[in-house]
K.L.:
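Below is the structure I would like to discuss, written out as structure tokens.
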Amino acid sequence: QPLQNKANTIISYACNPQYEAFESQALASNSIFLTHFLRHVCEMQRVEDLLMNVNAAVYKARPEGVTVAKWQKPIFISSLAHPAGLHDRVIHEDSRFASDNQF
């Protein structure tokens, strides 16, 4: 059963369930998705933009000989009502969205 996507939530998967996730010995202990996520996580940008950049990097990391049709395709689902970044301050759920948001 899929997770329920409640308001102001982002759920990200390393691979769309209809495709196979690929791992690489060259990346040591991290998956292809996590390797690219860690490269982008400290950037000052909206979470959705960060995940789009990670997805694009995973797509570009396709090894020679692996067809696009078979390559890992990350996916995320967002129900954010406002732009949000990982560097935004955390607010209490009864409060209105932070007015000093940078995005």
Side-chain angles (χ1 to χ4, degrees):
Q1 176 178 346
L3 294 172
Q4 296 297 318
N5 190 8
K6 298 184 179 184
N8 289 316
T9 301
I10 290 184
I11 300 170
S12 180
Y13 298 97
C15 190
N16 185 312
Q18 296 149 348
Y19 296 89
E20 294 182 38
F22 288 85
E23 304 302 325
S24 170
Q25 296 297 333
L27 297 174
S29 61
N30 293 330
S31 68
I32 292 169
F33 178 84
L34 184 56
T35 296
H36 292 288
F37 180 83
L38 292 173
R39 289 179 184 162
H40 291 278
V41 72
C42 292
E43 297 171 2
M44 296 290 287
Q45 59 184 330
R46 295 176 40 218
V47 177
E48 291 155 316
D49 292 338
L50 178 144
L51 292 172
M52 281 189 276
N53 289 336
V54 171
N55 292 0
V58 169
Y59 180 77
K60 288 178 185 174
R62 179 174 55 93
E64 190 174 317
V66 176
T67 65
V68 173
K70 293 189 179 256
W71 184 239
Q72 177 172 342
K73 293 173 179 59
I75 185 172
F76 69 91
I77 303 161
S78 174
S79 65
L80 292 181
H82 303 279
L86 295 178
H87 299 278
D88 294 348
R89 66 184 175 97
V90 176
I91 58 173
H92 189 273
E93 85 179 27
D94 292 337
S95 301
R96 295 226 174 249
F97 191 75
S99 59
D100 62 351
N101 187 292
Q102 299 176 16
F103 302 100

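Starting from 1, each residue takes its place in the sequence as its number. These values consider heavy atoms only, across backbone and side chains, with no hydrogens, waters or symmetry-generated copies.
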K.L.:
Which heavy atom of Ala21 sits nearest a heavy atom of Cys15, and at what distance?
P.N.:
N-SG, 3.7 Å

K.L.:
How long is the span from the OG1 atom in Thr35 to the CG atom in Asn30, to the nearest 0.5 Å?
P.N.:
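With rounding to 0.5 Å, OG1 (Thr35) is 4.5 Å from CG (Asn30).
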
K.L.:
Identify which one of Asn55, Val54, Asn53 satisfies the side chain to side chain contact (heavy atoms under 4.5 Å, CB included) criterion when paired with Phe37.
P.N.:
Val54

K.L.:
Taking the side chain from Ser79 and the backbone from Thr9, do they hold a donor-acceptor pair closer than 3.5 Å?
P.N.:
yes

K.L.:
Return the CG to NE2 distance between Leu86 and His40, rounded to the nearest 0.5 Å.
P.N.:
13.0 Å

K.L.:
Grab the two heavy atoms, one from Ala61 and one from Ile32, that are nearest each other, plus how far apart they are.
P.N.:
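Minimum heavy-atom separation between Ala61 and Ile32: CB-CG2, 4.5 Å.
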
K.L.:
Taking atom NZ of Lys73 and atom CD of Glu20, what is their separation to the nearest 0.5 Å?
P.N.:
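Atom-to-atom, Lys73:NZ and Glu20:CD are 10.5 Å apart.
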
K.L.:
Do Trp71 side-chain atoms and Lys60 backbone N/O form a donor-acceptor pair below 3.5 Å?
P.N.:
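Looks like no, no N/O pair under 3.5 Å.
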
K.L.:
Is there a continuous path of hydrophobic side-chain contacts, each under 4.5 Å between heavy atoms, that joins Tyr19 to Leu34?
P.N.:
no

K.L.:
Could you measure the distance from the NE2 atom of His87 to the CD atom of Glu43? Nearest 0.5 Å is fine.
P.N.:
8.5 Å

K.L.:
Shortest non-hydrogen contact from Phe33 to Gln72?
P.N.:
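So the two residues come closest at CB-NE2, 3.9 Å.
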
K.L.:
So, taking the atom named CZ in Arg46 and the one named CE in Met52, what distance separates them when rounded to the nearest 0.5 Å?
P.N.:
6.0 Å

K.L.:
Measuring only between side-chain heavy atoms, which start at C-beta, is Ile10 closer than 4.5 Å to Glu48?
P.N.:
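In contact.
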
K.L.:
Any chain of hydrophobic side-chain contacts (each under 4.5 Å) joining Leu80 to Leu51?
P.N.:
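Both belong to a single hydrophobic cluster.
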
K.L.:
Work out which heavy atom in Leu38 is nearest to a heavy atom in Val41; give both atom names and the distance.
P.N.:
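In terms of heavy atoms, the two residues are closest at O-CG1, 3.7 Å.
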
